[in-house]
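The structure appears right after this line, and notes come after that.
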Amino acid sequence: MMHLIVLPIVLPLVVGILLLYRRQGGTRLKRLAGVGSTALLVLVGIALVGQAASGEVTYYALGDWQPPFGIVLVLDRLSALMVLLTAVLALGAVVFACDGDDERGSNFHGLFQWQLMGINGAFLTGDLFNLFVFFEVLLLASYALLLHGGGKARIQAGVHYVVLNLAGSALFLIAVGVLYGATGTLNMADMAARLAELPAERAGLVTAGGLMLLVVFGLKAAMLPLYFWLPRTYAAAPAPVAALFAIMTKVGVYAILRVYSLIFGEAAGPLANLEQAWVWWLSLATLVAAGVGVLAARDLRLLVAYLVLVSVGTLLAGIGMGSPRAVSALLYYLIHTTLITGGLFLLAELIGQQRGKAGTRLVRGRPLQQGGWLAGLFFLGAVSVAGLPPLSGAIGKALLLAAAEGGQRPWLWPTLLLTGLCSLVALSRAGSTLFWRSQGEPSGEALTWRKWFGVTWLLAASPLLVILAGPVSDYTEATAAQLADPQRVIDALLPTAGDAP
Amino acid sequence: MESLYAITTGVLTACGLYLTLRGRTFPVVVGLTLLSYAVNLFLFSMGGLTTDGAAIVDGAGDYADPLPQALVLTAIVIGFAMTAFVVILAMRARSEVGNDHVDGRSHDDEERSR
């Protein structure tokens, strides 16, 4: 059982390598391996959540080099939750892709597994430099997946995405270098312990490093001045890939949450909560920009991409509030928004396939072959993502609104609610155009069960999250409490902290 | 030595940044390469610069901090892979879009907008 923590990284790595041997031909086998591995990851995720739910922080030292010297993977409630969430999202996307999308280019399933490896690694690592390495792994896989199938729009969006992320990686390395130079360690827990007794003349260096990290994570999470790559990239990506990308912005949110709660926590003295003011104001600005973008989108896929941006603004606002209650609310919202926006990307593809030439553009087109079912799913997704009761979006937003304290309320309440209204207006306009303004004969082929499964698997999360709201919010509250107490992680990883040389 | 090192890194970064902001894909690729060289140099210096230090810790005398060397090795490998990828991507964009502008605009559009 003790090797369980490393399994979410090793399993997709090995399956991805095995798939390389069968790069040509053998579609059935490749699909079986891809889906099987992802399904296994769901089981591993459930087991990890079970292990973390006791509240104990466990770690896995690779090669048995004990921290702070070796590379460690750390499992706490937050990382276990994120690994499970990734696996659930990926299962829907990979089953959806098995319906022909995976045959448009080479080695889809292998790249998909490596992307999962990078994401899981980023969630589990306890070391800043390994965070960089896993970011690169997931980015390299995502570049290739984004270009899967080719085409002019994808290549153009891909150039921007790749260049921006390479510049981001350079900045990440500089930030890691600065922090290493100032503290002499890369292990996050060790760095947190050393910041508590940092000489005053190095505080400036650490501040610079910490804020540079915020720029990098903000780029990944698509925070306001750094989000311009996102809508075009996500709208151009193949549907199952776009659905998986729904977790990628959350990797940035997770990294902000992890690094600033652990390293720059209360114990860091004058450097504590370095990021909070920045994240708070930028998140509100992101929400406003995303609301405008949602109203302006003239294509369903672009609309969903802007909805991802709305969710990023909402999540960052939760971090900016900086109370355990807000963190608990944002984690509940994170589960909801990842699965629902992923589902909406898949649904947009289904709608586009049945409308012939009009595709996902919001213009008059042919009626849909299976319009009734698709409209029902779209209604479910729209109600959920716009945050209307009774579905999970409403609960998540209500928790966030309730967590706002004093002076934060006059800023958060109108922004969040008005952005919700923008989403609602845009989604109802899109829905009425897609399903009601139609002429001619229905075209397109009937959809297969794999596509239906992918979409329903993800969208069903919304009612499920409502039914299980009690246990889920209990878990997120405990997670927030654990995050608010970084000393526990430090004690678990460095039992001899204090008398170490 | 320190000041020479710092100036070199700074000049490399400035050139890389300038080229990355250009509008054509080839200068952007070269800019990213320069930027990654600068970052590697910077990382290398973060453990403190030592002359005549042993590269391996043998318990005796002066040694160079081994950790930045390990970091730089990893960063170089990743940087090479990324540069290779971005070169191919730029060539692919050139052939698919028909021009080498980062935004995919043709030369005529640019003239008109001027």
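Quick note on labels: first sequence line is chain A, next is B, and so on, each numbered from 1. All values below come from the heavy atoms of this structure, side chains included, with hydrogens, waters and symmetry mates left out.
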Shortest non-hydrogen contact from Val178(A) toward Met46(B):
CA-CE, 3.9 Å
In the structure I gave you, are the side-chain heavy atoms of Leu186(A) and Leu71(B) within less than 4.5 Å of one another anywhere?
yes
Highest number of heavy-atom pairs under 4.5 Å with chain B among Ala170(A), Ala182(A), Gly184(A) belongs to Ala170(A)
Between Leu89(B) and Leu147(A), is there a side-chain heavy-atom distance shorter than 4.5 Å?
yes
For Arg298(A), which residues count as a side chain to side chain donor-acceptor pair (under 3.5 Å) partner, sequence neighbours excluded?
none
What part of Val162(A) lies closer than 4.5 angstrom to a heavy atom of chain B: side chain, backbone, both or neither?
side chain
Relative to chain B, which of Leu139(A), Val176(A), Leu166(A) shows the most heavy atom pairs under 4.5 Å?
Leu166(A)
With a cut-off of 6.0 Å (strictly less than), are more than 12 heavy atoms of other residues, nucleotides or ligands near OH of Tyr60(A)?
yes
Taking only residues two or more places apart in sequence, or in another chain, which ones meet Phe42(B) in a ring pair (Phe, Tyr, Trp, His ring centres under 6.0 Å)?
none
Tell me, do Leu43(B) and Leu173(A) make a side-chain contact under 4.5 Å, heavy atoms counted?
yes
Considering only heavy atoms, which portion of Val102(B) lies under 4.5 Å from any heavy atom of chain A: side chain, backbone, both, or neither?
both
Distance-only check: which donor-acceptor pairs of chain A and chain B lie under 3.5 Å?
residue   : atom : partner   : partner atom : Å
His160(A) : NE2  : Val102(B) : O            : 3.2
His160(A) : NE2  : Asp103(B) : OD1          : 3.1
Tyr180(A) : OH   : Asp65(B)  : OD1          : 3.4
Tyr180(A) : OH   : Asp65(B)  : OD2          : 2.6

Given the options Leu35(B), Val28(B), Val29(B), Ile78(B), which has more heavy-atom pairs under 4.5 Å with chain A than any of the others?
Ile78(B)
Would you mind telling me which of Val86(B), Leu17(B), Val39(B) has the largest number of heavy-atom pairs within less than 4.5 Å of chain A?
Val39(B)
So what's closer than 4.5 Å to chain B heavy atoms on Val137(A): side chain, backbone, both or neither?
neither
Kindly write out the residues that satisfy side chain to side chain donor-acceptor pair (under 3.5 Å) with Arg258(A), not counting sequence neighbours, or none if the list is empty.
Asp76(A), Tyr254(A)
Other residues, nucleotides and ligands only: do more than 12 of their heavy atoms fall within 6.0 Å of CZ on Phe228(A)?
yes
